[in-house]
Amino acid sequence: REVKSLRKLNHANIIKLKNVVRENCTLYIVFEYMDSNLHQLMMNHKSRLTEEQVKKWCLSVIQGLAYMHQRGYYHCDLKPENLLVSNDVIKIGDLGLAQEINSLPPYADYIGTRWYRAPEMLLHATPYTSAVDMWAMVAIMAEMFTLSPVFPGIDEVDQMERICSVIGTPTESTGSHGLDLAPGMNYELPRLPGVSFSKLMPSASEEAINLIERLCSWDPRKRPTAIEALRHPFFRNCLKVPPGFPSRVAAAQKKDANTKTAEKLGKMKVNDRWHTAAYGPVAAPMKAGGLFTPLNEHVWQESSRMMQGF
């Protein structure tokens with residue numbers, strides 16, 4: 001499964017598969033070398049990570065997840081030990097439990113490390129979706145702020161209690177999904193009010209707390225996707241959407257700009273319209289018979305291309 005998925009995934013924030021060697025009935029998988037992992041870095045860190053450090057790591061991992069999900073896979077075992085770090089670069093590793101998004105049950109018996117396992121996985125909901133990765137991501141993000149696991153359950157029952165103690169028992173408004181699943185397991189969710197994330201993570205900004213709260217939704221359908229998370233204000237000053245992912249906002253802006261350009265062209269004289277169509281908006285103010293001459297045609301074409309690139 002890991003070899004199959006990695007052969008289809010090629011991203012700067014996903015570990016690279018270098019080679020697969022079969023020798024004496026043993027299969028050897030060769031990966032690129034990475035110095036450490038996020039768990040080791042947090043264990044060795046003497047003070048809490050700054051928000052800029054948290055933002056940088058989260059941005060890289062979520063970009064990798066966005067690419068993975070868009071290619072039809074979800075990781076299913078995201079945790080700090082599986083986030084590999086080298087030279088200030090972080091990459092998603094260990095895709096041994098990765099599932100295809102369209103795959104159907106039965107799944108592997110072992111799905112996700114307990115502390116980072118989504119509530120719907122604990123309640124045995126199927127089929128799973130890529131939202132399980134976003135739950136694991138928010139547990140890791142919160143841990144980066146606190147340097148300790150947020151949901152360190154000793155078994156599945158204790159895990160549910162710890163989740164409820166932090167985000168509160170689900171209600172019809174906050175997460176009927178959990179309420180619907182629990183009776184099917186003959187399990188009653190503990191009734192707990194939850195706590196404020198700002199108290200758990202006093203150093204986190206309002207934007208960070210808001211993203212964490214949204215990702216900690218009982219209902220997987222209400223959790224932001226990886227692409228939606230990248231567009232959150234927490235990543236306002238970062239490259240939010242990696243190349244290759246269409247942005248609905250950008251598409252709308254481009255459509256609006258094209259509409260305005262078409263309206264302007266409709267109002268122009270014939271000569272002005274001809275120059276705009278031939279040489280772009282930079283040449284639009286130039287009228288036939290003005291500064292434009294056959295001698296400097298190449299100059300205007302190059303200038304137009306350069307200006308359109310800014």
(message) Using modelled atom types and a 3.5 Å cut-off, is there a donor and acceptor pairing between side-chain atoms of D133 and backbone atoms of H75?
(response) yes
(message) Quick check against the 3.5 Å criterion: does S130 have a side-chain atom that pairs as donor or acceptor with the backbone of Y74?
(response) no
(message) Would you say I29 ends up clustered with L84 if hydrophobic residues are merged whenever their side chains have heavy atoms under 4.5 Å apart, either directly or through other cluster members?
(response) yes
Could you pull out every donor-acceptor pair under 3.5 Å between side chains of residues 36-44 and any protein atom, sequence neighbours left out?
| residue | atom | partner | partner atom | Å |
| --- | --- | --- | --- | --- |
| S36 | OG | Q40 | OE1 | 2.6 |
| N37 | OD1 | H39 | N | 3.0 |
| N37 | OD1 | Q40 | N | 2.8 |
| Q40 | OE1 | N37 | N | 3.3 |
| N44 | ND2 | Q40 | O | 3.1 |

(request) Verify the distance criterion only: is there a donor paired with an acceptor across the side chains of Q53 and T50 at less than 3.5 Å? (result) yes
(request) Classify the ring geometry between Y67 and H11 as parallel (under 30°), tilted (30 to 60°) or perpendicular (over 60°). (result) tilted
(request) Please answer: with hydrophobic residues joined when any side-chain heavy atoms are less than 4.5 Å apart, are L192 and M160 in the same cluster? (result) no
(request) Check each of R221, R223, K222 against D219 using the side chain to side chain donor-acceptor pair (under 3.5 Å) test, and report the only one that passes. (result) R221
(message) In the structure I gave you, are the side-chain heavy atoms of L78 and T113 within less than 4.5 Å of one another anywhere?
(response) no
(message) Tell me the closest heavy-atom pair linking D35 and N87, and the distance in Å.
(response) OD2-N, 3.9 Å
(request) Could you go through the salt bridge (Lys or Arg N to Asp or Glu O under 4.0 Å) check for D155 and R114 one step at a time? (result) CA-CA 8 Å; D155 54 39; R114 186 186 310 114; over 6 Å; no
(request) Go through the steps for I212 and M201 under the test side chain to side chain contact (heavy atoms under 4.5 Å, CB included), then give the verdict. (result) CA-CA 11 Å; I212 290 170; M201 292 162 276; 3.7 Å; yes
(message) For the backbone of G168 and the side chain of W218, can you confirm whether one donor and one acceptor N or O come within less than 3.5 Å of each other?
(response) yes
(message) With clusters defined by side-chain heavy atoms of hydrophobic residues (ILVMFWY) lying less than 4.5 Å apart, directly or transitively, does V61 cluster with V89?
(response) no
(request) Output the distance between atom CG (L59) and atom NE2 (H232), rounded to the nearest 0.5 Å. (result) 13.5 Å
(request) Over all heavy atoms of both residues, which pair between W115 and P149 is shortest? Give the atoms and the distance, please. (result) CZ3-CG, 3.5 Å
(message) Please find the pair of heavy atoms, one from P224 and one from M134, that lie closest to each other, and give the distance.
(response) O-CG, 3.6 Å
(request) Please examine the side chains of W135 and P220, heavy atoms only from C-beta on, and report whether any two atoms are closer than 4.5 Å. (result) no
(request) Can you measure from CG (D94) to CG (L83) and round to the nearest 0.5 angstrom? (result) 10.5 Å
(request) For residues V85 and W57, report the shortest heavy-atom separation together with the two atoms involved. (result) CG1-CH2, 3.7 Å
(request) Please say whether the positively charged group of K8, taken as NZ for Lys or CZ for Arg, lies over the ring of Y73, i.e. under 6.0 angstrom from the six-membered ring centre and within 45 degrees of the axis. (result) no
(request) I would like to know whether E206 and N210 meet side chain to side chain contact (heavy atoms under 4.5 Å, CB included); could you show each step before the answer? (result) CA-CA 6 Å; E206 290 183 10; N210 179 265; over 6 Å; no
(message) Pair L122, I163 - check side chain to side chain contact (heavy atoms under 4.5 Å, CB included), show working.
(response) CA-CA 11 Å; L122 294 166; I163 291 174; 3.8 Å; yes
(request) Could you tell me whether the side chain of M144 reaches within less than 4.5 Å of the side chain of L49, counting heavy atoms only? (result) yes
(message) Is any side-chain heavy atom of K91 closer than 4.5 Å to one of F31?
(response) no
(message) Quick check against the 3.5 Å criterion: does T26 have a side-chain atom that pairs as donor or acceptor with the backbone of R22?
(response) no
(message) Using modelled atom types and a 3.5 Å cut-off, is there a donor and acceptor pairing between side-chain atoms of Q159 and backbone atoms of G153?
(response) yes
(message) Within the 4.5 Å heavy-atom criterion, are Y33 and K18 side-chain neighbours or not?
(response) no
(request) Please check if the side chain of T146 supplies one atom and the backbone of S148 the other of a donor-acceptor pair under 3.5 Å. (result) yes
(message) What's the separation between atom CD1 in I209 and atom CD in E213, rounded to the nearest 0.5 Å?
(response) 6.5 Å
(message) Return the CD1 to SG distance between I167 and C216, rounded to the nearest 0.5 Å.
(response) 5.5 Å
(message) Between E52 and K55, does any NZ, NE, NH1 or NH2 come within less than 4.0 Å of an OD or OE carboxylate oxygen?
(response) yes
(message) Please determine whether residues F145 and V195 belong to a single hydrophobic cluster, defined as Ile, Leu, Val, Met, Phe, Trp and Tyr linked transitively by side-chain heavy-atom distances below 4.5 Å.
(response) yes
(request) State whether the side chain of E32 and the backbone N or O of K16 hold a donor-acceptor pair below 3.5 Å, judged by distance alone. (result) yes
(request) Return the minimal non-hydrogen interatomic distance between A139 and V150, and the atom names on each side. (result) O-CG2, 4.3 Å
(message) Within this structure, what is the CG-CD1 distance for the pair N82 and I92, rounded to the nearest 0.5 Å?
(response) 10.0 Å
(request) Quick one: pull up CD in Q99 and OG1 in T129 and give me the separation to the nearest 0.5 Å. (result) 12.0 Å
(message) Quick check: is I14 connected to V20 through a chain of hydrophobic side chains (ILVMFWY, heavy atoms under 4.5 Å apart)?
(response) yes
(message) Looking at every heavy atom in both C58 and F235, which two are closest together, and how far apart are they?
(response) CB-CZ, 4.0 Å
(message) When you measure from the side chain of K79 to the backbone of Y116, do you find a donor-acceptor pair of N or O atoms at a distance under 3.5 Å?
(response) no
(request) Show the numbers, then the answer: is there a side chain to side chain contact (heavy atoms under 4.5 Å, CB included) between E228 and T225? (result) CA-CA 5 Å; E228 289 169 343; T225 64; 3.3 Å; yes
